[in-house]
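Here's the structure we're looking at; comments come further down.
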Amino acid sequence: MKRKLLTAIAVSLLTASAVSAQLLYQISGNSTQAKSYILATNKLVDMTFVDTIPNVFKCFGDCNKVLTEFAMQDYEALAVLRQAAVLPDSVKLRNFYTDAQYKYIDESLRLTLGMGLDKLARMKPSYLTELYRTELFKKWLQYDEQRSIDSFFQAVAEERNMPVYGLDEVGETMFMVFDREPFHWQCDELLNLIEYPERDIKQERTIRDMYLQGRLSDIAFQVAAPDNRSTISFSDYQVYCKRNTQWVKRLASYLHDGHAFIVLDCIYLGGDKGLIAQLRNAGYKVKPVNRK
């Protein structure tokens with residue numbers, strides 16, 4: 001009896017948290033023909049969390065297309081991205097580090113990734129940084145790429161033969177992933193991540209906790225904070241804000257037709273320069289679906 005009571009209380013608290021957490025928004029107005037929706041995601045959160053967001057499947061069922069940062073089903077674009085991760089022949093990673101630093105990075109990559117710079121030195125440092133971050137999150141934050149809420153609705157859309165559109169073109173995605181920072185910054189960032197992995201682990205854990213509470217604006221402040229010394233920091237946030245402005249323009253035709261289900265990482269949505277605020281500034285009505 002006590003176990004059933006505790007289970008009921010736990011379910012009730014989880015549901016209440018999901019209702020108060022504003023993660024799902026409705027978009028209308030500005031001459032739109034039908035409603036669309038935008039859902040905040042976080043890659044460190046398991047896909048089962050979707051079940052705690054009231055009305056999310058009803059809203060998804062009302063839509064006929066999915067929009068996201070990058071369409072994972074675009075295999076040709078993925079091949080282009082992989083090629084873009086390779087350094088030009090004229091650039092040697094060893095030239096940007098001392099011998100001691102290069103050896104330290106090599107040993108750290110071998111320990112964490114199972115491969116050293118004998119195999120990875122041809123890759124851009126931003127790519128190596130992302131590989132290293134991913135392994136850190138798997139070890140310390142239980143990240144499971146196959147079960148991430150981040151890609152859940154893309155997978156469901158593919159099963160239902162719904163079109164999935166990326167908001168970025170391939171060239172823009174390559175810039176965001178590999179070249180949004182100067183090359184020497186990328187080299188410094190890789191070394192700093194390996195020397196101080198706890199910064200990124202702590203930052204991503206904090207963002208995940210804020211996401212579960214629906215605190216999208218707090219996430220924006222967390223990333224843009226001057227004392228944020230993780231690999232995703234103020235300079236990255238500035239790039240995201242500029243890209244949000246471009247995304248509002250590209251969303252216009254999809255939102256005009258309506259029935260669009262937009263799935264984006266929570267890092268892009270909150271704050272006074274986040275996508276939600278910029279949609280409102282453009283004349284759209286954006287309101288929480290599950291208001292407390």
According to side chain to side chain donor-acceptor pair (under 3.5 Å), who are the partners of [X], at least two apart in sequence or on a separate chain?
| X | value |
| --- | --- |
| Q278 | T245 |
| S108 | none |
| N42 | none |

Quick one: side-chain contact (heavy atoms from CB on, under 4.5 Å) partners of [X], sequence neighbours excluded?
| X | answer |
| --- | --- |
| A34 | H259 |
| E135 | T112, L113, K138 |
| N281 | none |
| R205 | L141, I201, R208, D209 |

Under-4.0 Å salt bridge between K65 and D257:
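No, this pair does not count.
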Salt bridge between E204 and K43, side-chain N to carboxylate O under 4.0 Å?
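The answer is no: the pair does not qualify as a salt bridge.
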Is it true that E195 and Y104 share a donor-acceptor pair across their side chains at a distance under 3.5 Å?
no
Q186 and S126: side-chain donor and acceptor closer than 3.5 Å?
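The answer is yes; a qualifying pair exists.
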Using modelled atom types and a 3.5 Å cut-off, is there a donor and acceptor pairing between side-chain atoms of D106 and backbone atoms of G116?
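Looks like no, no N/O pair under 3.5 Å.
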Looking at Y211 and T206, would you say the former's side chain and the latter's main chain have a donor-acceptor pair under 3.5 Å?
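It does not hold such a pair.
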Any chain of hydrophobic side-chain contacts (each under 4.5 Å) joining [X] to [Y]?
| X | Y | result |
| --- | --- | --- |
| M115 | L190 | yes |
| W185 | F96 | no |
| V66 | F57 | yes |

Stepwise side-chain hydrogen bond (donor to acceptor under 3.5 Å, both in side chains) check, N30 with T32
CA-CA 6 Å; N30 205 14; T32 56; over 6 Å; no
What pairs of residues pass the salt bridge (charged side-chain N to carboxylate O under 4.0 Å, His left out) test when at least one of them lies in [range], not counting sequence neighbours?
| range | answer |
| --- | --- |
| residues 28-37 | none |
| residues 49-59 | K58-D62 |
| residues 260-276 | none |

With sequence neighbours left out, which residue pairs that include part of residues 213-238 fulfil the ring pair (Phe, Tyr, Trp, His ring centres under 6.0 Å) condition?
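Those involving residues 213-238 do not exist here.
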Angle between ring planes, Y268 versus W247, binned at 30° and 60°: parallel, tilted or perpendicular?
perpendicular
List in chain and number order the residues that pass ring pair (Phe, Tyr, Trp, His ring centres under 6.0 Å) with Y196, two or more places apart in sequence or in another chain; answer none if no residue qualifies.
none
Test side-chain hydrogen bond (donor to acceptor under 3.5 Å, both in side chains) on T231 and D200 and set out the steps.
CA-CA 7 Å; T231 55; D200 274 63; 2.5 Å; yes
